[in-house]
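When a residue number appears, it is its place in the shown sequence, counting from 1. Just so you know, ligand 1 is whichever comes first in the structure, and atom 1 is the first atom listed for that ligand. As the structure is a computational prediction, the values presented were derived from the model and not from experiment.
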Amino acid sequence: MKLIACKDYKEMSKKAAKEILELVHSEKRCTLGLATGSTPEGVYKALVEDFNKGETSYKQVSSVNLDEYVGLTKDNPNSYHHYMKSNLFQHIDLPENQQLIPNGVANDLEVECREYEKTIAELGGVDLQLLGIGHNGHIGFNEPRTPFSSRTHVVDLAEKTRKANARFFSDITEVPAQAITMGIETIMESKKILLLISGKSKAEALSKLINGPIDESFPASILKNHPNVTIMADEEAMSLLEEEAVGRQHIL
Ligand code: F6R
């Protein structure tokens, strides 16, 4: 894994957007793996700013999102469909039929998961997967003890995750109990992974990722086995790391 130290959230977001744009400019037909939550908002803002300068087109790009809540329709303001539309899709020229997000209101969720895997495979896999990390080390909605061999599946959300995400809802009782998420193995098949970690509240997760063992109790730890992972973290997130780890480009 490569760790890129960033001063703050803004710098991290700009650097991550630059990496995505380099791919979109060099491989017009690429597949981007996208994430939701607070962490990538700055990246999407930077991508929209770049798009408005008229130098980038996403017409041949496809996107696949990591996850979606079960039971929320596309137009529900808390759905990830809605998040992606308002933060990115409505501002750029990525065709709607190339914006793929699991359908959390599908009649048969198991079929939906299998179809999602098939779609990713048909696209030739994800070229660059953007990830955030949960306080408990989750990636996508793969909570602690999800098998590393998991594919896209329906997951029961951990109480800690529902509490963390309650800030987007008017009440915690409104946070869905389940989600569809790409599996850990699905994520690991991405050609490149860009993990963003920002803020003091994520410092423990970053330190655990770097210093802890590879174990299903901390899902993100599997990323150490991936050949092409870049972590971009800001100073607050790195506050629990040893000085020398911060300067290091390669950890492990
Ligand atoms: C979102 C996702 C989650 C988030 C994680 C961090 O699509 O898959 O794993 O990346 O929960 O969320 P934030 O960025 O809100 O702290």
Side-chain angles (χ1 to χ4, degrees), residues 6 8-10 12-13 16-17 20 32-45 63-70 72 74 76-89 99-104 113 116 120 126 128-146 150-169 172 175-176 178-188 190 193-206 208-209 218-223 229 231-234 236-237:
C6 306
D8 52 21
Y9 179 77
K10 201 168 168 192
M12 180 193 78
S13 304
I20 293 171
L32 299 176
L34 301 178
T36 55
S38 303
T39 310
E41 281 175 3
V43 179
Y44 298 145
K45 196 166 165 253
S63 69
V64 288
N65 263 76
L66 283 169
D67 39 23
E68 176 60 287
Y69 287 115
V70 166
L72 299 193
K74 291 180 184 179
N76 184 308
N78 287 311
S79 73
Y80 288 164
H81 275 83
H82 190 274
Y83 170 104
M84 287 311 301
K85 191 173 174 190
S86 60
N87 282 287
L88 185 66
F89 295 154
Q99 306 166 1
L100 304 157
I101 305 179
N103 177 8
C113 293
Y116 204 64
I120 296 172
V126 173
L128 174 60
Q129 178 65 56
L130 192 59
L131 289 183
I133 188 171
H135 298 106
N136 60 6
H138 75 220
I139 47 174
F141 271 134
N142 295 290
E143 302 289 10
R145 278 167 286 281
T146 303
S150 57
R151 313 292 312 185
T152 300
H153 62 288
V154 177
V155 64
D156 293 331
L157 298 180
E159 220 29 52
K160 204 170 175 182
T161 302
R162 291 186 68 241
K163 274 192 191 137
N165 289 5
R167 67 190 191 279
F168 298 111
F169 295 77
I172 184 159
V175 184
Q178 289 186 312
I180 293 180
T181 181
M182 266 191 213
I184 297 184
E185 197 168 80
T186 322
I187 294 172
M188 286 291 281
S190 311
I193 291 176
L194 183 52
L195 170 63
L196 305 183
I197 312 187
S198 165
K200 262 213 161 66
S201 76
K202 296 288 174 71
E204 211 177 307
L206 176 56
K208 229 171 156 178
L209 170 61
F218 196 76
S221 61
I222 192 65
L223 298 176
V229 174
I231 303 171
M232 290 184 179
D234 63 14
E236 286 190 355

Flag, side chain of Asn65 to backbone of Pro102, donor-acceptor distance under 3.5 Å: no

I'd like to check which ligand 1 atoms, numbered from 1 as shown, lie under 4.0 Å from a non-hydrogen atom of [X].
X      : result
Thr39  : 13 (P), 14 (O), 16 (O)
Lys202 : 6 (C), 13 (P), 16 (O)
Leu66  : 8 (O)
Gly132 : 10 (O)
Asp67  : 1 (C), 2 (C), 7 (O), 8 (O)

Tell me which protein heavy atom sits closest to [atom], plus the residue, atom name and distance to 0.1 Å.
atom                   : result
atom 6 (C) of ligand 1 : Ile133 O, 3.3 Å
atom 1 (C) of ligand 1 : Thr36 OG1, 3.2 Å
atom 5 (C) of ligand 1 : His138 NE2, 3.4 Å

Is the shortest distance from a heavy atom of Met84 to ligand 1 less than 4.0 Å? no

By side-chain contact (heavy atoms from CB on, under 4.5 Å), Asn87 pairs with (sequence neighbours left out) Glu41, Tyr44, Tyr83

Results of side-chain contact (heavy atoms from CB on, under 4.5 Å) for Lys160 - residues two or more places apart only: His135, Asn136

Mode of Arg167 contact toward ligand 1 - side chain, backbone, both, neither (heavy atoms, under 4.0 Å): side chain

Kindly confirm or rule out an N or O of Gly140 lying under 3.5 angstrom from an N or O of ligand 1. yes

Do the non-hydrogen side-chain atoms of [X] and [Y] ever get within less than 4.5 Å of each other?
X      : Y      : value
Ile172 : Glu159 : yes
Pro176 : Val70  : no
Leu34  : Phe89  : yes

Closest heavy-atom pair, Ile222 versus Ile139, reported as atoms and distance to 0.1 Å, is CG2-CD1, 4.5 Å

What orientation do Phe169 and Tyr69 show, parallel under 30°, tilted 30 to 60°, or perpendicular over 60°? perpendicular

